[in-house]
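The structure displayed is predicted, hence computed values, not measured ones.
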Amino acid sequence: MIEMTLTELACWVLGIVMILVVVGGWGSTWRSRKEERRSARYRAVCRLCLAVFRLDGRGSEHRCPECGAKTDRSGPTPLG
């Protein structure tokens with residue numbers, strides 16, 4: 001039989017719970033980042049009105065549903 005004091009048992013339980021919390025937090029962060037990368041693949045920003053819209057086709061240029069301007073996947077570029 002394993003002999004363990006109450007203090008040792010409490011330390012083991014708290015340690016295991018802390019490890020589970022850290023692993024759960026890491027898994028949640030990883031899953032969230034993966035979903036963000038996946039959704040960014042099909043998203044574009046209009047260069048004229050800065051509207052964000054979902055891409056339908058695989059072409060390099062798309063039309064903005066808000067203003068009708070042509071835009072590409074890269075989105076707006078800085079002036080200057």
Side-chain angles (χ1 to χ4, degrees):
M1 182 131 171
I2 300 174
E3 292 187 22
M4 186 180 288
T5 65
L6 183 60
T7 306
E8 290 173 339
L9 176 66
C11 288
W12 274 101
V13 169
L14 286 176
I16 290 171
V17 168
M18 287 172 48
I19 289 171
L20 288 175
V21 166
V22 169
V23 168
W26 176 78
S28 175
T29 302
W30 178 74
R31 194 170 44 250
S32 175
R33 287 181 184 168
K34 182 178 175 183
E35 184 62 34
E36 180 65 28
R37 283 191 306 266
R38 183 181 298 139
S39 69
R41 245 186 307 202
Y42 303 109
R43 191 172 45 202
V45 179
C46 176
R47 291 179 180 233
L48 187 60
C49 67
L50 298 178
V52 178
F53 59 95
R54 184 172 172 86
L55 298 175
D56 294 329
R58 291 188 174 222
S60 62
E61 282 193 352
H62 300 278
R63 291 217 174 258
C64 173
E66 299 291 325
C67 66
K70 287 184 180 179
T71 187
D72 59 1
R73 285 183 180 267
S74 63
T77 55
L79 298 174

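When each of I19, L20, V13 is paired with I16, the side chain to side chain contact (heavy atoms under 4.5 Å, CB included) condition holds for L20 and for no other.
Applying the salt bridge (Lys or Arg N to Asp or Glu O under 4.0 Å) test to every pair with at least one member in residues 2-31, sequence neighbours left out, gives no pairs at all.
R54 is linked by a side-chain contact (heavy atoms from CB on, under 4.5 Å) to Y42, counting only residues two or more places apart in sequence or in another chain. Considering only residues two or more places apart in sequence or on other chains, E36 meets the side-chain contact (heavy atoms from CB on, under 4.5 Å) condition with S39, R43. Every salt bridge (charged side-chain N to carboxylate O under 4.0 Å, His left out) that E35 has, sequence neighbours left out, goes to R38. Shown here are the side-chain contact (heavy atoms from CB on, under 4.5 Å) partners of A69, two or more places apart in sequence or in another chain: C46, L48, C67.
Of all heavy-atom pairs between R63 and G68, the closest is NH1-O, 2.7 Å. Heavy-atom minimum distance, F53 versus P65: CG-CD, 3.5 Å. Taking each heavy atom of V45 and V52 in turn, the nearest pair found is CG2-CG2, 4.1 Å.
The backbone N or O of G24 lies less than 3.5 Å from no partner atom in the side chain of S28, so there is not a single donor-acceptor pair.
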